[in-house]
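Comments concern the structure below.
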Protein chains: 2
Amino acid sequence: MEPKTNFTELNVSDFAMAFEELTRIFIRMPSIEKLSFTTLSVLHTLSLRSPMRLSELIATEQVTQSAITQLVTRLERDGLVERRPDPSDGRAVLVHITPQGASVIDSRRTERIMQIARLIEGLSPGERAAIASALPALTRLAELGNA
Amino acid sequence: MEPKTNFTELNVSDFAMAFEELTRIFIRMPSIEKLSFTTLSVLHTLSLRSPMRLSELIATEQVTQSAITQLVTRLERDGLVERRPDPSDGRAVLVHITPQGASVIDSRRTERIMQIARLIEGLSPGERAAIASALPALTRLAELGNA
DNA sequence: TAAAAATATATCAGAAATTTATATAAATGT
DNA sequence: ACATTTATATAAATTTCTGATATATTTTTA
């Protein structure tokens with residue numbers, strides 16, 4: 001028996017499917033700066049909250065501690081982040097994003113906004129309005145996911 | 001002067017931001033099967049449309065031809081895809097997803113649907129309704145991105 | 001229609017990124 | 001103080017990727 005779902009009730013499976021698609025489209029959007037996904041993800045995390053401990057970064061990315069340490073070393077070599085000691089804990093290191101690192105994320109973001117804008121032009125005003133109305137909810141969903 | 005945007009007009013920058021967040025959350029959702037992002041992306045593409053030529057796969061993924069050839073070789077070794085000649089073009093190869101490969105994607109999808117469902121539980125009924133109303137538009141956005 | 005150009009894939013060598021295991025140093029608990 | 005836990009680093013082995021080049025077919029064109 002089909003569950004008698006409310007018209008406004010959200011079909012999670014459909015949402016996941018749409019989201020999976022959009023994610024892949026999003027990711028394969030070509031970009032000038034050639035950086036790996038993990039690298040960008042770390043930089044992006046830092047662009048929202050810097051500084052962070054290595055251990056905090058490890059929690060957000062789906063890779064090993066060793067990989068993060070080495071990745072941060074590469075980012076530091078390229079001037080995109082800086083390691084500084086944590087004054088409150090001698091074991092820890094605080095990773096700070098540099099202006100250069102922030103500008104990499106910024107320019108990518110700008111690039112992507114333009115690409116998404118081009119896609120959105122293809123939608124009807126009604127479709128755009130629907131997404132606009134859902135935006136606060138989508139933002140909150142992201143917050144829940146980060147918690 | 002601030003552009004006097006309509007209440008229902010979609011702010012692309014905000015959408016891109018929310019989407020960027022959701023993408024990262026989505027991707028770092030831990031999973032039983034440990035496969036690289038590119039590997040999963042190829043399998044996922046094939047789960048929607050199989051068979052495909054290598055050259056078609058190259059177009060959808062953001063990597064070199066050499067990387068795809070090698071990746072498909074690994075997938076074939078693991079029994080997730082099969083290479084067969086293209087009857088209409090002697091140069092080409094058609095990559096078919098196997099039942100095993102399809103089930104990898106399926107089980108990941110199921111896993112993720114459950115994880116997303118858990119997040120969605122944290123939303124209010126109104127928020128869920130808003131996303132539900134936007135779902136057709138989001139799906140169409142994905143279609144536009146695939147074109 | 002034979003030769004040249006383009007297309008589709010494969011291979012190999014080297015570079016880059018990642019995992020596993022282990023090490024070091026500082027903080028915490030007993 | 002000593003053992004344990006936490007935070008990061010390092011080294012070696014492995015995996016994956018890029019770049020260059022090769023091969024086989026198709027398409028173009030002269």
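What you are looking at is a predicted structure, and each value in this text was computed from that prediction instead of being measured. Convention: sequence-line order gives letters A, B, ...; per-chain numbering from 1. Hydrogens, waters and symmetry mates are skipped; everything else that's a heavy atom, side chains included, is used.
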Are [X] and [Y] within salt-bridge range, i.e. N to O under 4.0 Å?
X: Glu121(B); Y: Arg128(B); result: no
X: Asp89(A); Y: Arg53(A); result: yes
X: Arg84(A); Y: Glu82(A); result: yes

Residue mapping more 5' on DNA chain C - nearest nucleotide basis, Asp89(B) or Thr39(A):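 This one resolves to Asp89(B).
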
Is there a residue in residues 49-67 of chain A whose heavy atoms reach under 4.0 Å of DNA chain D, and which residues are they?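 Only Arg53(A), Leu54(A), Ser55(A), Gln65(A), Ser66(A) qualify.
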
Terminal contacting nucleotides, 5' and 3', DNA chain D versus chain B (heavy atom, 4.0 Å):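 Span of nucleotides near chain B: dT16(D) to dT26(D).
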
Looking across every strand, which nucleic acid part, if any, lies under 4.0 Å from Thr73(B) by heavy atom: base, sugar-phosphate, or nothing?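 No contact.
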
Select base, sugar-phosphate, or nothing to describe what Asp86(A) touches, counting heavy atoms under 4.0 Å on all strands.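 Answer is nothing: Asp86(A) stays at 4.0 Å or more from every strand.
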
Quick check: closest heavy atoms across Ser66(A) and Gln70(A), and the distance to 0.1 Å?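 What the structure gives for the nearest pair is OG-NE2, 2.8 Å.
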
So, does the side chain of Arg91(B) form a donor-acceptor pair with the base of dT7(C) at under 3.5 Å?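 Pair found.
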
Hey, does [Y] have a side-chain heavy atom less than 4.5 Å from the side chain of [X]?
X: Arg49(B); Y: Glu56(B); answer: yes
X: Glu76(B); Y: His96(B); answer: no
X: Leu54(A); Y: Arg83(A); answer: yes

Can you check the [X] [atom1] to [N] [atom2] distance for me, whole Å?
X: Phe37(B); N: dA17(C); atom1: CZ; atom2: P; answer: 17 Å
X: Arg83(B); N: dT11(C); atom1: CZ; atom2: C1'; answer: 12 Å
X: Gln70(B); N: dA16(C); atom1: CD; atom2: C1'; answer: 13 Å

Below 30° counts as parallel, above 60° as perpendicular, anything between as tilted: where do the rings of Phe37(A) and Phe37(B) land?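 Rings of Phe37(A) and Phe37(B): parallel, as their planes differ by under 30°.
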
